[in-house]
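This is the structure I want to talk about, given as structure tokens.
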Amino acid sequence: YVSNESGTNEVLVRPFRDVEADRLSISTDGGIMPVWSHGGDELFYVDRRRRLIAVQLGFAPTLSVVQRDTLFALPPEFHTSPDWATYGIAPDDQRFLMARFADGQGGPAPRTGLVLNWFERLKELLPN
């Protein structure tokens, strides 16, 4: 999860069964948009300098950071958000799908629309 308790957004992890137990700080230079790998032993996030970071985790005897690698810097046209991840990870955990600004210039954040009762709305627009 992301917390700004320290005054800066940072990525942290807590144990599932005992969420009140001590937490582990994952990021070291700010962090947003954490996403778990499909294998479950790696966590990806974007740091304050807009770099995608991969953190390898160990689970025994306790949760720990085993290795931290910078994968690449995000170009300005790729969208980031402190509220949700704007990228996805391929099933092999080797490729990423990222949201890019439509104008390619890093303009204002794209708008997202939510359509409720989508099938009903579709029937209204396309009868038979």
Side-chain angles (χ1 to χ4, degrees):
Y1 68 95
V2 175
S3 171
N4 65 357
E5 217 173 292
S6 68
T8 301
N9 285 333
E10 296 290 351
V11 176
L12 304 145
V13 173
R14 287 188 180 202
F16 172 69
R17 298 272 183 222
D18 186 9
V19 295
E20 296 305 320
D22 198 21
R23 58 188 173 200
L24 176 64
S25 182
I26 301 297
S27 58
T28 58
D29 186 23
I32 57 173
M33 304 189 334
V35 176
W36 284 101
S37 69
H38 291 88
D41 60 348
E42 196 169 24
L43 188 61
F44 302 98
Y45 70 91
V46 176
D47 75 1
R48 181 182 0 216
R49 293 188 277 172
R50 294 180 50 88
R51 300 176 304 176
L52 188 68
I53 309 294
V55 177
Q56 187 76 31
L57 297 171
F59 298 95
T62 61
L63 183 64
S64 63
V65 172
V66 174
Q67 185 173 334
R68 184 179 286 108
D69 295 306
T70 300
L71 300 181
F72 55 87
L74 273 64
E77 66 268 16
F78 287 92
H79 178 58
T80 60
S81 170
D83 301 316
W84 61 82
T86 60
Y87 65 97
I89 306 169
D92 64 2
D93 292 329
Q94 299 300 307
R95 295 167 289 139
F96 300 89
L97 177 65
M98 305 189 128
R100 185 179 71 178
F101 290 101
D103 66 3
Q105 303 298 315
R111 293 183 345 166
T112 303
L114 173 64
V115 178
L116 301 175
N117 300 316
W118 188 82
F119 285 111
E120 296 303 316
R121 181 71 177 131
L122 185 61
K123 287 176 188 175
E124 291 172 9
L125 295 173
L126 302 170
N128 290 330

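Position 1 is the first residue of the sequence; numbering continues from there.
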Sequence neighbours excluded, which residues qualify as salt bridge (charged side-chain N to carboxylate O under 4.0 Å, His left out) partners of Asp92? Arg95
Return the set of residues passing side-chain contact (heavy atoms from CB on, under 4.5 Å) with Thr62 (not counting sequence neighbours), or none when no residue passes. none
Backbone N/O of Ala90 and side chain of His38: donor-acceptor pair under 3.5 Å: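 Between the backbone of Ala90 and the side chain of His38 there is a qualifying donor-acceptor contact (under 3.5 Å).
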With sequence neighbours left out, the residues meeting side-chain hydrogen bond (donor to acceptor under 3.5 Å, both in side chains) with Asn9 are none
On a heavy-atom basis, which atom in Val55 and which in Tyr45 lie closest, and how many Å separate them?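 The pair with the smallest heavy-atom distance is CG2-CE2, 3.6 Å.
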Within a strict 4.5 Å, meaning less than it, do heavy atoms of the Leu57 and Ile26 side chains meet?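 Leu57 reaches Ile26 side chain to side chain.
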Quick one, Gln56 and Asp41 - any side-chain contact, counting heavy atoms below 4.5 Å? yes
Has Arg14 got a side-chain atom pairing as donor or acceptor with Leu24's backbone, closer than 3.5 angstrom? no
Residues that Arg51 engages under side-chain hydrogen bond (donor to acceptor under 3.5 Å, both in side chains), provided they are two or more places apart: Asp47
What pairs with Ser27 under side-chain hydrogen bond (donor to acceptor under 3.5 Å, both in side chains), at least two apart in sequence or on another chain?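 Partners of Ser27 by the side-chain hydrogen bond (donor to acceptor under 3.5 Å, both in side chains) criterion, ordered by chain and then number, come out as Glu10.
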Quick one, Trp84 and Thr86 - any side-chain contact, counting heavy atoms below 4.5 Å? yes
Grouping I, L, V, M, F, W and Y whenever their side-chain heavy atoms are under 4.5 Å apart, do Ile53 and Val11 come out in a common cluster?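 Yes, same cluster.
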Closest approach of Asp69 and Gln67, non-hydrogen atoms and distance? OD2-NE2, 2.8 Å
If you group Ile, Leu, Val, Met, Phe, Trp and Tyr by side-chain heavy-atom gaps below 4.5 Å, do Val13 and Phe59 land in one group?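 Cluster IDs for Val13 and Phe59 match.
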Output all residues satisfying salt bridge (charged side-chain N to carboxylate O under 4.0 Å, His left out) with Arg121, sequence neighbours left out; order by chain, then residue number.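 Glu124.
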Please give the remaining members of the hydrophobic cluster of Leu12, linking ILVMFWY side chains under 4.5 Å, ordered by chain and number. Tyr1
Under 3.5 Å, side-chain donor or acceptor atoms of residues 29-36 against the rest of the protein: list the pairs with distances, not counting sequence neighbours.
unit_1	atom_1	unit_2	atom_2	d
Asp29	OD1	Arg48	NE	3.2
Asp29	OD1	Arg48	NH2	3.2
Asp29	OD2	Arg49	NE	3.0

Any residue meeting side-chain hydrogen bond (donor to acceptor under 3.5 Å, both in side chains) with Asp83, in chain and number order, not counting sequence neighbours: none
For Phe96, side-chain contact (heavy atoms from CB on, under 4.5 Å) partners two or more places apart: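 Residues passing side-chain contact (heavy atoms from CB on, under 4.5 Å) with Phe96: Phe44, Leu52, Leu71, Phe72, Tyr87, Ile89, Met98.
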Partners passing salt bridge (charged side-chain N to carboxylate O under 4.0 Å, His left out) against Arg23 (at least two apart in sequence or in another chain): Glu5
